[in-house]
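Read the structure below first, then the notes.
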Amino acid sequence: ASMDKQTYIIHMDKTKITASDHTLGNAKPWYELMMDSMHEILSQEEEDMSPLELLYIYKTSISGFAAQLSTKQVQSLKRLNGFLSAIPDEMLSLH
Amino acid sequence: ITHTPQFLGLHLGEGLWNAPTLASDVIIGIVDTGIWPEHVSFKDSSISQVPSRWKGTCEEGTKFSVANCNKKLIGARAFYKGYETIVGRINETMDYRSPRDFNGHGTHTASTAAGNLVHNANFLGMAKGLASGMSYTSRIAAYKACWRRGCTNSDLLAAIDRAVADGVDVLSLSLGGFSKPYYSDNIAIATFGAVQNGVFVSCSAGNSGPFSSSVSNAAPWIMTVAASYIDRSFPTTVKLGNGKTFEGSSLYSGKRTKQLPLVYASTAGGQLAQFCINDSLVPKLVKGKIVACEQGINSRAEKEEQVKNAGGAGMLLLNAEIYGEELLADSHTLPATSLGASAGKAIKNYVRLNKNPTASIMFRGTVYGNIAPVMAAFSSRGPSLVGRDVIKPDITAPGVNILAAWPPKTIPSLLKNDKRSILFNIISGTSMSCPHVSGLAALLKSIHKDWSPAAIKSALMTTAYVLNSKRAPIADIASNSSKAATPFAFGSGHVNPKCASDPGLIYDITSEDYLNYLCSLNYNSTQIALLSRGNFTCPNNVFLQPGDLNYPSFAVLLDQNASNTSVTYKRTVTNVGTPMSTYVVQVDEPNGVSVTVEPKCLKFENLGEKLSYNVRFNALRRTKSSTNFSFGCLIWMSEFYTVRSPIAVTW
């Protein structure tokens, strides 16, 4: 499963990130709610239980995170409230 | 950097380099290969305490500790998680897993933007002088996100995100990739967030010129920087056995060669010997001779390596036709020089027609006073593939043969057996021009603390100049300097810091304006949300067209087949010059287009006052021989100010 994974940059609409039922009432920042939802969704996947390999959470100039994900996990994450896009990571060059 | 400050009109104790301007606290974030903190360019003498607003830090890592930061280098972080997932764990014999710079590029760009004063800086005696960054009292924060094989987007985004949170005022990115729509371009997305937070973002345009539409980092909120030659060169004279001489360029610091046998292609080796690729040169044919190598297939350093390994006594690097008379100076370890395409052609003919061709190379050191600026052939060109309604690149700054700080443990040449240790290196690229503009933006920010990133950008663009030191149009070296460069090469022109500090009028742009521009591109709500981060809805009942973005230049798209088509764009200018001032418009019409401006006169009574005008571009009848582009400009002139906007028409 790890071999099939690649790094994606997941862009989120932070205004649409809401607490799930059991986290309601917690005054968590949006990115913590996002992580909660993401773990919840991925843990529901029966076939792919490999742990999430989170690289970064982006909080200031963009909203989202970078993680190593399988294509199945990417599909699952599309169910996240506020999900906008998943862009595969790529290499840029010095000029 | 030595000499470029003077070339740009910056002098110690005067104008933008006077005490009040320099006392201001501006923080420049450099996203690059890290930094060599002990370098004399980053000493913190004469610099005040770190401002309390600064939230950054110096991260510990391999051969890097908190103690490496000071009042000059106030932040240093490293981002490698994305890189290591793609390339594997960083080999610490090849790089430092910390903000320390192994490559040299980040140290060079950081010192160009904001390096402190260093007397008698030089590269092996060349380009000697007082070195300083463009804004030599500004603070530096180094965000290392580029490693041996490149920079991953995930690391770059982490660096940008962190830099903005830390509180940088200016971000400098001398890197890039292929251009793509803004909603799928991670750098465009992240830098939009930076600009929303008041950060000025300067990016290199790329080194893929002179090919058309090669520009990268072309989002309108980014300052996209092209590269030029300054008036300094490192000339060589190549003399052939037939008496003909050619001028080249080299940073070789040794003596001239004797007149030696000259070999090329089949007289130097086997297949592809003309490119001096791996194992193509035959030592018995090359030993003790000068080898001519054509540009292409492998790098310039690799060609030198091959010539050295085969026992060559010297090398002539011949430009491919497309790069014209481009003359980049390389820090060779054997007598070698680059030569333009026309010299290359003559030399290849000479070798073919003579049984015993010979050549010598003389190295003439550092020479000043060339006609300048001239556009570098390698500098990437517009029009932008993703936003034809904005002229890109935006501006030009020095980017050829730039001396700046270098880690003493990093060899200057990329050659395997180079043992030289230097403190300053001379390299070329839009990577080098970009931090010039970052530093200049910091200077403007220090004077005009309330100016938005777009206002600073406008000031730099509308005051840029388009004539060289001989009062002739800036030439393009890709055309052998026979043709004037166009706005698709130099944008609004060559940066002019003194005028930019007092531009008279500015074209300001808010975050909402940029988002309306994206709406006018028919982006859907998801695409808009990617950039706005979710708090913007396109207005319903408003006519939006991309050309109405309040940009300081005009990119006009006209239909080739329809006669009498026209477009009208609106602009709003803010008076930042003198309170009571009158501006009159002057237009240099692009070929095949009539331009009408209403009103033709703008009368301001107060500072900060905004006035709008409409400009109508009307297509005239065109001939079949017409090119796809034509260029002009629109200038608002007052008693004290000239506010110039280039016009580029694409048919």
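Proximity to chain B (any heavy atom under 4.5 Å) is shown, for A/Ser63, by both the backbone and the side chain. In this structure, the portion of B/Asn217 lying under 4.5 Å from any heavy atom of chain A is its side chain and not its backbone. For chain A, the nearby parts of B/Asp155 are the backbone and the side chain; heavy atoms of each come within less than 4.5 Å. Neither the backbone nor the side chain of B/Phe536 comes within less than 4.5 Å of any heavy atom in chain A. Neither the backbone nor the side chain of B/Leu173 comes within less than 4.5 Å of any heavy atom of chain A. Interface residue B/Cys151: backbone and side-chain heavy atoms are both found under 4.5 Å from chain A. Both the backbone and the side chain of B/Phe79 come within less than 4.5 Å of a heavy atom of chain A. For a residue to count as touching a neighbouring chain, one of its non-hydrogen atoms must lie under 4.5 Å from one of that chain's; by this rule B/Ser532 does not touch chain A. Both the backbone and the side chain of B/Thr430 come within contact range of chain A, each with at least one heavy atom under 4.5 Å from a heavy atom of that chain. Looking at B/Leu531, there are no atoms closer than 4.5 Å to chain A (heavy atoms on both sides), in backbone or side chain. With a 4.5 angstrom heavy-atom cutoff, B/Asn207 touches chain A via backbone and side-chain atoms both. Neither the backbone nor the side chain of B/Val195 has a heavy atom closer than 4.5 Å to any heavy atom of chain A.
Among B/Ser380, B/Cys203, B/Ser379, B/Ser431, the one residue that satisfies the side-chain contact (heavy atoms from CB on, under 4.5 Å) test with A/His95 is B/Ser431.
For chain A, the option among B/Ser184, B/Ala190, B/Gly399, B/Ala227 with the highest count of heavy-atom pairs below 4.5 Å is B/Ala190. Of the listed residues (A/Leu84, A/Ile87, A/Leu94, A/Thr15), the greatest number of heavy-atom pairs within a distance under 4.5 Å of chain B belongs to A/Leu94. For the options B/Ala165, B/Ala205, B/Gly429, heavy-atom pairs under 4.5 Å to chain A are most numerous at B/Ala165. Of the residues considered (B/Gly206, B/Ala194, B/Cys146), B/Gly206 shows the highest number of contacts with chain A, using heavy-atom pairs under 4.5 Å. By number of non-hydrogen pairs under 4.5 angstrom with chain B, the leading residue of A/Glu90, A/Met12, A/Lys59 is A/Glu90.
Qualifying side chain to side chain contact (heavy atoms under 4.5 Å, CB included) partners for A/Tyr58, counting only residues two or more places apart in sequence or in other chains: A/Ile9, A/Tyr56, A/Ile62, A/Ala66, B/Ser154, B/Leu157, B/Ala158, B/Asp161. Applying the side chain to side chain contact (heavy atoms under 4.5 Å, CB included) test to A/Lys16 and every residue at least two apart in sequence or in another chain returns A/Asp13.
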